[in-house]
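Everything on this sheet refers to the single structure shown next.
Numbering of ligands and ligand atoms starts at 1, following listing order.
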Amino acid sequence: MKAALCHAFGPVEQLRIEDIPEPIPGPGELLIAVHAAGVNFPDGLMIRGEYQVKPPTPFTPGSEIAGTVAAIGPNVDGFAPGDRVVALCGMGGFAERAIAQADRAIKLPPAMPFDEAAGFLLAHGTSLHALADKARLRAGETLLVLGAAGGVGLAAVELGAAMDATVIAACSSPEKCALARQHGAADTIDYSQTDLKAELKRRYPAGIDVAYDPVGGPFTEAAVRALAWGGRLLVVGFAAGDIPKLPLNLLLLKEAQAIGVFWGAFTSREPDHHRRNVELLFRWFAEGKLKPHVGARFPLTQTADAILHVMERKAQGKVVVEP
Ligand SMILES: NC(=O)c1ccc[n+]([C@@H]2O[C@H](COP(=O)([O-])OP(=O)(O)OC[C@H]3O[C@@H](n4cnc5c(N)ncnc54)[C@H](OP(=O)(O)O)[C@@H]3O)[C@@H](O)[C@H]2O)c1
């Protein structure tokens, strides 16, 4: 079978497509014929050797897949060959077939296409966990989403709207602002054109209840300064590269909170809660409240281009590789 292989940590461009033996599922595992694999920011960091997980080389990146069950290992219940599933596989996703733990696989609703499913779980799972479990976002509150047209950002926009919050989308181009509006943002700020801190102060003098931050860099402090009394900052990621440092008096003055979000660890530590969240996401998808946006599709031969598309800030919604 064909798979993308990283032989040594370094530039994403060095990823190679090669023929490798098809993996055999062990106890508790499924072999999945991959129809689509979601591209996520950490895929590129992992290839560069800049991610907290540094797998032994060679390895195949790709942590999120949608496809059909091709074979079932020993001690697996509840799956049959041909089942349509979405799975978190850790690694190995950018390939024609991939292994996933059966307990990390979930059957897909019939109406959900593979390309939408491949990028759904991580982006929407992270954002639901952040907004509902960590920030306890309430109907009628204001929600500021940074990087609002990116993978997790656009999911947060949709979910905020589904939870009846007033969503303010902040992103870096008119096209990205328009996409965020299509997905439920009531207001947008293009922070490539305006100063985010000044613009938030001007438009929202009473402050913002919740700020969702997958970007970091200079935007974090601007968002914290815009928080209302009792506001919550959700620390989701640092796509801009710099991990910001905050003057803590900004939290004290407003009884505000900065809350860390680590969805991957949450899914392992609280699997039942995670499954309930996924059920809710599938229900909202079936009700039409969530419309995952696949902004770009790449064949397996162009996996490096797909990852670079995300790393170079070009992605709108999710990017998928379709083996
Ligand atoms: N904590 C968790 O559990 C968790 C889960 C999933 C993802 N994450 C993290 O969340 C972050 C976003 O992930 P994603 O998959 O949504 O990525 P993404 O689709 O690339 O979105 C990131 C957004 O960040 C903004 N950005 C600003 N400066 C950037 C730069 N120098 N390079 C790239 N993007 C830049 C871009 O929006 P503008 O152009 O509009 O500024 C971009 O749309 C990543 O750091 C990821 O590791 C965390």
Side-chain angles (χ1 to χ4, degrees), residues 12 37-48 50-53 61-64 88 90 118-135 144-159 168-181 183 185 188-194 196 212-220 222-223 233-244 258-270 274 277 292-296 306-321:
V12 173
V39 179
N40 292 295
F41 210 83
D43 299 328
L45 297 179
M46 202 182 273
I47 295 166
R48 290 179 185 167
E50 294 168 4
Y51 194 56
Q52 56 256 41
V53 179
S63 62
E64 192 180 19
L88 298 167
F120 184 72
L121 212 52
L122 193 144
H124 285 78
T126 298
S127 295
L128 179 65
H129 174 55
L131 298 176
D133 302 333
K134 305 316 299 178
L144 169 69
V145 180
L146 304 180
V152 295
L154 197 61
V157 169
E158 287 199 320
L159 285 161
I168 305 138
C171 37
S172 70
S173 71
E175 294 75 25
K176 288 184 174 185
C177 287
L179 182 67
R181 271 199 196 269
H183 285 259
T188 56
I189 299 175
D190 179 347
Y191 49 43
S192 70
Q193 301 297 321
T194 47
L196 182 66
Y212 179 99
D213 180 11
V215 179
F219 300 116
T220 304
L233 167 76
L234 291 163
V235 182
V236 179
F238 313 106
D242 288 337
I243 299 180
I259 308 172
V261 177
F262 190 174
W263 180 74
F266 157 75
T267 62
S268 311
R269 285 168 176 267
E270 299 183 48
H274 164 53
N277 280 2
H293 179 78
V294 179
I307 296 170
L308 287 170
H309 194 75
V310 171
M311 305 298 283
E312 291 170 355
R313 209 172 172 174
K314 294 178 188 158
Q316 296 194 18
K318 289 302 301 188
V319 174
V320 298
V321 169

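With atom 12 (C) of ligand 1 as the reference point, the heavy atom nearest to it among A315, P214, G150, A148 is part of P214. Comparing G241, A265, A239, C177 against atom 31 (N) of ligand 1, the shortest heavy-atom distance belongs to A239. Taking each of V236, V152, L154, V235 in turn, the one with a heavy atom nearest to atom 9 (C) of ligand 1 proves to be V236.
With 3.5 Å as the limit, one finds no donor-acceptor pair spanning the side chains of E158 and H293.
Of the N or O atoms in Y191, one or more lie within a sub-3.5 Å distance of an N or O in ligand 1. Not a single N or O atom of K318, backbone or side chain, sits closer than 3.5 Å to an N or O atom of ligand 1. Annotation: V261 places an N or O atom under 3.5 Å from an N or O atom of ligand 1; distance criterion only. Remark: ligand 1 and N40 share no N or O pair separated by less than 3.5 Å (distance only, no angle test).
The only option from H124, H274, H129 that meets the ring-ring contact (aromatic ring centres under 6.0 Å, His included) definition with W263 turns out to be H274.
Counting heavy atoms closer than 4.0 Å to ligand 1, residue T126 contributes side-chain atoms (C-beta onward) but none from N, CA, C or O.
Residue contacts with ligand 1 do not include H129, since none of its heavy atoms lies under 4.0 Å from the ligand.
Annotation for ligand 1: atoms under 4.0 Å from non-hydrogen atoms of F262 are 3 (O).
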